[in-house]
Amino acid sequence: MNNTPCSIEAEESLLGAMLQNSQAISAALSKIKSTDFYSERNRLLYESIIEMNNRGIAVNAETTLRYLKENGLFEKIIQNDEAYLMRIIDGTPFHQNAKYYAEIIAEKSLLRDLITATQDIQKSAYEAKDAETKEIADFAEKKIFEVTQRRLSNDFIHIRDLLYEALTTIESRKKHKGTVTGVPSGFISLDKITHGFQPSDLIILAARPSVGKTSFALNIVEHVITNIETTGFGIGFFSLEMSRMQLVERLIASKARISLSRIRSGDLEKQEWTKLGQTFNSLSQANLLIDDSSQLTIMEIRGIARQMKYRFAEMSKTSGKEIDLKLIVVDYLQLIHSGVQTRRNGTREQEIADISRGLKALAKELNVPVISLAQLSRAVEQRQDKPRLSDLRESGSIEQDADIVMFLHRQKPNKEGKDDEVIDDKTNQVEVILAKHRNGAIHDGIPLHFIADQTRFENIYNNSNDAG
């Protein structure tokens, strides 16, 4: 007995609807592809109807029979069953149900794809070597993700459609009078240059220790999760260095504009408790998922990121509001572990290269910007100069894979110590250097004000245009 998921009845009902009404053809095209059909003859008939429709040929039983005969498809499809076309037409009482039939076909096709994926996973698991367990787990997650996230779209598209989409986008930008088309950072001068962080981009944020990398990244997160224009933007934050509670306390300090040390001591004034309550209310509505595992591999990060996307999809269903993963932050790159094989046989440079490639692959796979923090080498301090791309620690592949490379820089860096991100009041101006920008201009230094005790960066308004 063949238990393969399929519905011949739904396939024939959809084809019958398409033979009766052109709107049924449009409904089918929006839901399925020809490869979703289980029956070979039904698939061939579907492709023939679509081709006739594309050529402007009226689709009905008579014209379809003529088309099949003229194109050598009659015997393959009819198969000595000349009543086939009329039977599927008569068996479709309501052509208005075409969308419903197409959804059934798509669901059955999805189940078959899942079966194929699990068979591939099973085969890989049986053939795996001892050191490949995590690689197989990542392969399994990716296979299932590819199937469940399948989109009904062509691999290619006519430029006419792209031009229409581009025109719509340009008109929307003009209407909103804004320059940010991606995920906004909240830093006006930076957003004017980047237009926001774009989908599939890998953004490297690098600095020496204690300059403010984590604070800067959290300020971006805070802006996104509390901005009304990005309400449906979900963020996944991987903290390989700090605990989740440390991150949350920093977010609270920045949002409430209260000294972090006072929050940690609990020694707060009455008005600060009021600010704290307002901040809790605001942040509790945020679409932010935090993972503070300290021994993650790049494959594990990719797997967890996929799970985060699923989680936001579930939150969207539950809340009735559109929520999707829009940004991933990783703190920080040099703390990520690579695969077992690379660690055994490769250099640290090869390991970092694998990690940076993996982060770029993650950005492309989920079509979201990935911000990865990174350490700079000591050469910056020895030179007493601004950071350069060559200062990216341990591998030039980071520079190669990144779409944007940003440096945080102060004229007098702190000495390395246990105190994290403490900046003296006299040196509280920090520059954001845009050293690489694959799709736009670079910048030698965007000045920002850093309020150290609140772990908060703020815009410096040089003129009225910056404030607008």
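Model, not experiment: these values are computed from the prediction.
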Q: Please examine the side chains of I144 and I121, heavy atoms only from C-beta on, and report whether any two atoms are closer than 4.5 Å.
A: yes

Q) Atom CD1 in I371, atom NZ in K213: separation rounded to 0.5 Å? A) 14.0 Å

Q. Run the side-chain hydrogen bond (donor to acceptor under 3.5 Å, both in side chains) check on S185 and D191 step by step: do they pass?
A. CA-CA 6 Å; S185 70; D191 285 337; 2.9 Å; yes

Q.
Can a donor-acceptor pair be found, under 3.5 Å and without considering hydrogens, that links the side chain of S109 to the backbone of I105?
A. no

Q) Measuring from R112:CZ to D36:CG, what's the distance to the nearest 0.5 Å? A) 7.0 Å

Q. Do NZ/NE/NH1/NH2 and the carboxylate oxygens of E11 and K108 come within less than 4.0 Å?
A. no

Q.
Are I433 and P387 packed together at the side-chain level, in the sense that at least one heavy-atom pair is separated by less than 4.5 angstrom?
A. yes

Q. What distance do L366 atom CG and L327 atom CG have between them, rounded to the nearest 0.5 Å?
A. 11.5 Å

Q: Flag yes if more than 12 heavy atoms outside F139 fall under 6.0 Å of its CZ atom; otherwise flag no.
A: yes

Q. With a 4.5 Å heavy-atom cut-off, do Y332 and E241 have their side chains touching?
A. yes

(Q) Test your reading of the model: is there a side-chain donor-acceptor pair from D201 to the backbone of I203, 3.5 Å cut-off? (A) no

(Q) Just so I know, are the side chains of V370 and F197 near enough to count as touching, which here means a heavy-atom distance under 4.5 Å? (A) no

Q: Could you give me the CA-CA distance, side-chain angles and deciding distance for K360 and D403, then say whether salt bridge (Lys or Arg N to Asp or Glu O under 4.0 Å) is met?
A: CA-CA 9 Å; K360 177 59 181 176; D403 298 280; 2.6 Å; yes

Q) Just wondering, do I460 and Q429 contact through their side chains at under 4.5 Å, heavy atoms? A) yes

Q) Shortest non-hydrogen contact from R257 to K275? A) O-NZ, 4.0 Å

Q) Do side-chain atoms of Q334 reach the backbone of Q375 as a donor and acceptor pair under 3.5 angstrom? A) yes

Q: Without swapping roles, check the side chain of S316 against the backbone of F312 for a donor-acceptor pair under 3.5 Å.
A: no

Q | Close side-chain approach of I225 and I235, heavy atoms under 4.5 Å | A | yes

Q | F216 and F457 aromatic ring geometry - parallel, tilted or perpendicular at 30°/60° bounds | A | perpendicular

Q: Salt-bridge test for E314 and R311: reply yes if a basic N is under 4.0 Å from a carboxylate O, no otherwise.
A: no

Q.
Just verifying a value: how many Å separate H437 NE2 and M406 CE, rounded to the nearest 0.5 Å?
A. 10.0 Å

(Q) With a 3.5 Å distance limit and no angle check, can you tell me whether R208 reaches the backbone of L376 through a side-chain donor-acceptor pair? (A) yes

Q. With a 4.5 Å heavy-atom cut-off, do L434 and I193 have their side chains touching?
A. yes

(Q) Measuring from atom CG of L359 to atom CD1 of I204, what distance do you get when rounded to the nearest 0.5 angstrom? (A) 6.5 Å

Q. Would N439 and Q198 satisfy side chain to side chain contact (heavy atoms under 4.5 Å, CB included), going step by step from the backbone distance to the final call?
A. CA-CA 10 Å; N439 298 307; Q198 303 298 318; over 6 Å; no

Q. What closest approach, in Å, do N219 and S254 show between heavy atoms, and which atom pair accounts for it?
A. ND2-OG, 3.3 Å

Q) Which pair of non-hydrogen atoms, one from D401 and one from R357, has the smallest distance, and what is that distance? A) OD2-N, 3.3 Å

Q) Between I355 and L333, is a side chain to side chain contact (heavy atoms under 4.5 Å, CB included) present by the stated rule, with each step listed? A) CA-CA 8 Å; I355 291 167; L333 188 148; 4.1 Å; yes

**Q.** Distance-minimising heavy-atom pair for N459 and G186
**A.** ND2-O, 3.3 Å

Q. Within the distance-only criterion (no hydrogens, no angle test), does the side chain of S124 pair as donor or acceptor with the backbone N or O of I136 below 3.5 angstrom?
A. no

Q.
Quiz question: by atom type and distance under 3.5 Å, do the side chains of S239 and R244 form a donor-acceptor pair?
A. no

Q: Inspect the surroundings of CZ in R262 and state if more than 12 heavy atoms from other residues, nucleotides or ligands are less than 6.0 Å away.
A: yes

Q. So, N281 side chain and Q278 main chain: donor-acceptor pair closer than 3.5 Å or not?
A. no

(Q) Whether the side chain of E127 engages the backbone of A125 through a donor-acceptor N/O pair (distance < 3.5 Å, no angle test) should be reported. (A) no

Q: Identify whether the distance between the nearest side-chain nitrogen and carboxylate oxygen of D444 and K386 falls below 4.0 Å.
A: yes

Q) Between the main-chain N or O of L389 and the side-chain N or O of K436, is there a donor-acceptor pair closer than 3.5 Å? A) no

Q | Taking every non-hydrogen atom, the tightest pair across A102 and A28 | A | CB-CA, 4.4 Å

Q.
So which atom in M242 and which in D292 form the shortest heavy-atom distance, rounded to 0.1 Å?
A. O-CB, 3.8 Å

Q) How far does CZ of R250 sit from CG of L218, to the nearest 0.5 angstrom? A) 7.5 Å

Q.
Contact between M308 and F238 at the side-chain level, heavy atoms closer than 4.5 Å - yes or no?
A. yes

Q.
Atom CD of residue position Q271 - does it have more than 12 heavy atoms of other residues, nucleotides or ligands inside 6.0 Å?
A. yes

